[in-house]
Amino acid sequence: MDTLIIQVTNHNAYSLLNELEKLHLIKVLKKENTSSQKLSDKFAGKLPLDAAKKLQDHIKQSRDEWDM
């Protein structure tokens, strides 16, 4: 059997998936995607300090140019 990852784009799809599971055509392995971790915590410290400083300087310069 193949395992597929799908993205549900319409809430009505959940009822269809449940019906397919009841007919033993598919098995839902993961019903919801919940992450209690904030993105800021997840990606904190991922940039080297020198790259982060350069990025912050560039953002500040860009904002200053926009305000002129």
Side-chain angles (χ1 to χ4, degrees):
M1 294 291 156
D2 292 333
T3 301
L4 304 173
I5 298 173
I6 61 166
Q7 180 179 7
V8 176
T9 57
N10 186 309
H11 194 64
N12 294 331
Y14 289 110
S15 61
L16 292 171
L17 291 171
N18 286 332
E19 290 298 321
L20 290 172
E21 191 171 28
K22 286 178 187 175
L23 294 170
H24 301 286
L25 296 173
I26 66 169
K27 180 177 181 182
V28 177
L29 300 176
K30 188 174 183 181
K31 295 192 180 206
E32 59 186 63
N33 184 13
T34 58
S35 177
S36 60
Q37 187 178 25
K38 295 189 314 185
L39 286 179
S40 58
D41 292 337
K42 181 177 179 180
F43 294 110
K46 298 297 182 188
L47 273 179
L49 289 177
D50 60 331
K53 172 103 171 80
K54 288 179 185 176
L55 180 60
Q56 286 295 335
D57 291 342
H58 178 73
I59 292 170
K60 184 179 183 322
Q61 178 187 356
S62 297
R63 287 180 179 160
D64 290 343
E65 290 172 357
W66 184 260
D67 289 335
M68 291 182 159

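Residue indices begin at 1 and follow the sequence shown.
Under the 4.5 Å side-chain heavy-atom criterion for Ile, Leu, Val, Met, Phe, Trp and Tyr, Leu23 and Val28 are members of the same hydrophobic cluster. No continuous path of hydrophobic side-chain contacts links Leu16 to Tyr14 [ILVMFWY only; heavy atoms under 4.5 Å]. Criterion: ILVMFWY side-chain heavy atoms under 4.5 Å apart, direct or through other members. Under it, Leu55 and Leu39 are not part of a common hydrophobic cluster. Both Ile6 and Ile26 belong to a single network of hydrophobic side chains, linked directly or stepwise wherever heavy atoms of I, L, V, M, F, W or Y lie under 4.5 Å apart.
Nearest heavy-atom pair across Ala13 and Val8 is CB-CG1, 3.7 Å. Closest non-hydrogen pair, Gln37 versus Lys42, comes out as NE2-CA, 3.6 Å.
We find the CG-NZ distance between Asp57 and Lys60 to be 8.5 Å, quoted to the nearest 0.5 Å. With rounding to the nearest 0.5 Å, the separation of CE in Met1 from OG1 in Thr3 is 10.0 Å. To the nearest 0.5 Å, atom CG of residue Leu17 and atom CG of residue Leu25 are 11.5 Å apart.
At least one side-chain heavy atom of Ser62 sits under 4.5 Å from a side-chain heavy atom of His58. The shortest distance between side-chain heavy atoms of Asp64 and Gln61 does not fall below 4.5 Å.
Enclosure of atom CD1 in Ile59 by more than 12 non-hydrogen atoms of other residues, nucleotides or ligands within 6.0 angstrom is indicated.
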